[in-house]
Every structure is written in C-alpha cells, then in structure tokens.
Amino acid sequence: MTQELPLDTVIRHRIRGLRLARGWSLDALAARCYLSPSTLSRIETGHRRIALDQLVPIARALDSTLDQLVESANDEDVVIRPQPEHTPGLTTWILSRERAPHGVSVAKMRITSEQPRAAAQLGVHPGREWFTVLSGTARLQLGERTILLQAGDAAEFSTMVPHAVGAHDGPVEILTILDHDGERAHLHASDGARLP
C-alpha cells in the first residue's frame, strides 16, 4: 500500500510540475501571478506556507483552476472496473467516469449484429465521433457509403451524417470516444433506439 502525500506537498508538486511543463522559469511564472520569484520558490520547496490568496493567481497563471490544484491525490480513483451492459447484438463497457473531462465518454463495444441498417434507421446527432477497431472487421455506414475497417484502423466523422457501426464477417470490438450528444445517442438511448 502506498503512503499518501500531504495535500500541501501535492499542491507544491503540481505547481512546480505545471510550471516546468510550460518551460517557464520561476521569474516567468512569478511575473504572471504577481508574486516575487523568491516567494514562489519558497512555496514550491515547502519553505513557505501556501495561502489561498496566492493559490488563486498561481492557478490562473498556470491556466488551471483552484479545484485542480487542490483536488485529492487519492489513487482509489485510478482504477475503473467497467460492467458490461448488454442489448441484442451489442455489449458496451463504459471506460470513463460519469463526469469525464471535456464532456467525453470512452467506451469499448462488442458488436455482433451484422445486418446493415436501412437508411431510416441510421443515427444523426450533433458533433463528431471517433473509434478504432480492436479486433474483427467493422462496417461503418455513412449515409449511402459503406466503409470496412480492419483491426488497427480508425475512423472519425461528422455525426450529422446518418451513421451506424456494425460487424462484418463475425463479431467486432471497437474503442470509441463520444461527445455528450454521441453518448446520449449511443449509450443512453432506450434499448430499442440504441444504435452502435
């Protein structure tokens, strides 16, 4: 079992890490957050207590938020144990948390349905969609076009084009990234209306 660092140590590491990731010197960050370089150095090294009125401008200067700087470093949040959700011809595992950053969801899907959909059954919603084929062959229907994708291939497309993803010559597994509209259309639709 790993020992958890005190929160103030984690905050200091985050400040220094974000500063270095941007290639900034202490002077550069200090100028952006209106602190002296020596004050910032003492904050990073633990030789000065961190005050809230210092954290807010530091977070802003680092293009971060106060919440991100002070969030728990507890690693219980690291492992996701997805549970399969089954509908006829489709099994889905949600691989991201409910409140994923940037409003996207990551899902693994196993599709066994090989029946092409009629044009009236193809889904349309705002946004863009991306997926990669993990195993098998996927059949992507985009309007009148049918595109076959093998394991290792990826596709990205506008979801305003009527679309559906199915299996071709056996089951297919895909990893997909869905925006909010895509998640609603593909993961939270009623079982009868859910489209892979």
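The model shown is predicted, which means the values in this text are computed figures rather than measured ones.
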- Message: With a 4.5 Å cut-off on side-chain heavy atoms, are Trp24 and Arg32 touching?
- Response: yes
- Residues at least two apart in sequence or cross-chain that pass side-chain hydrogen bond (donor to acceptor under 3.5 Å, both in side chains) with Arg110, listed by chain then number, are Glu173
- Does the side chain of Thr146 pick up a donor-acceptor pair with the side chain of Gln141 at under 3.5 Å? no
- Return yes if some donor-acceptor pair links the side-chain N/O of Ser96 with the main-chain N/O of Val106 below 3.5 Å, else return no. yes
- Distance-only, no hydrogens or angles: does the Arg14 side chain make a donor-acceptor pair with backbone N or O of Leu69 under 3.5 Å? yes
- Atom pair CG/CG of Leu26 and Leu29 - distance to nearest 0.5 Å: 7.5 Å
- Report yes if some heavy atom in the side chain of Glu129 is under 4.5 Å from a heavy atom in the side chain of Phe157; otherwise report no. yes
- Query: Rounded to the nearest 0.5 Å, what separation is found between the NE2 atom of His168 and the CG atom of Leu148?
  - Reply: 4.5 Å
- Message: To the nearest 0.5 Å, what is the distance between CZ on Arg19 and CD1 on Ile15?
- Response: 10.0 Å
- Are side-chain heavy atoms of Gln54 and Thr39 found at a separation under 4.5 Å? yes
- OG on Ser41 to CZ on Arg48, rounded to 0.5 Å: 11.5 Å
- Value for CG (Asp169) from CZ (Arg139), rounded to nearest 0.5 Å, stands at 9.5 Å
- Measure the shortest side-chain to side-chain distance between Thr87 and Thr92 over non-hydrogen atoms and say whether it is less than 4.5 angstrom. no
- Query: Do the side chains of Leu7 and Leu18 join up, straight or via other hydrophobic residues, at under 4.5 Å, putting them in one cluster?
  - Reply: yes
- Message: Side chains of Val124 and Val161, heavy atoms from C-beta outward: is any pair under 4.5 Å?
- Response: no
- Item | Side-chain heavy atoms of Thr45 within contact of Arg12, under 4.5 Å | no
- Considering residues at least two apart in sequence or located in another chain, which fulfil the side chain to side chain contact (heavy atoms under 4.5 Å, CB included) criterion with Glu156? Arg128, Trp130
- Closest heavy-atom contact between Ala30 and Leu40? N-CD2, 3.7 Å
Give the table of side-chain donor-acceptor pairs shorter than 3.5 Å for residues 55-66, with sequence neighbours excluded, one pair per line with atom names and distance.
unit_1, atom_1, unit_2, atom_2, d
Ser64, OG, Gln68, OE1, 3.0
Thr65, OG1, Gln68, N, 3.0
Thr65, OG1, Gln68, OE1, 3.4

- Using modelled atom types only, decide if a donor and an acceptor are shared between the side chain of His163 and the backbone of Gly123 within a distance under 3.5 Å. yes
- Transitive ILVMFWY side-chain link Ile147 to Ile111, under 4.5 Å: yes
- Please report the shortest heavy-atom distance between Leu140 and Ala155, naming the atom on each side. CD2-CB, 4.0 Å
- Query: Looking at side-chain heavy atoms only, is the closest gap between Leu90 and Pro88 below 4.5 Å?
  - Reply: no
- Task: In sequence, state the C-alpha distance, the side-chain angles, and the governing distance for Thr137 and Val172, and then conclude on side chain to side chain contact (heavy atoms under 4.5 Å, CB included).
- Result: CA-CA 6 Å; Thr137 303; Val172 63; 5.7 Å; no
- Message: Is it the case that the side chain of Thr159 and the backbone of Gly127 share a donor-acceptor pair, with hydrogens and angles ignored and the cut-off at 3.5 Å?
- Response: yes
- Could you tell me whether the side chain of Thr132 reaches within less than 4.5 Å of the side chain of Leu175, counting heavy atoms only? yes
- Message: Just verifying a value: how many Å separate Asp153 CG and Ile174 CD1, rounded to the nearest 0.5 Å?
- Response: 12.5 Å
- Closest approach of Leu122 and Ala164, non-hydrogen atoms and distance? CD2-CB, 3.6 Å
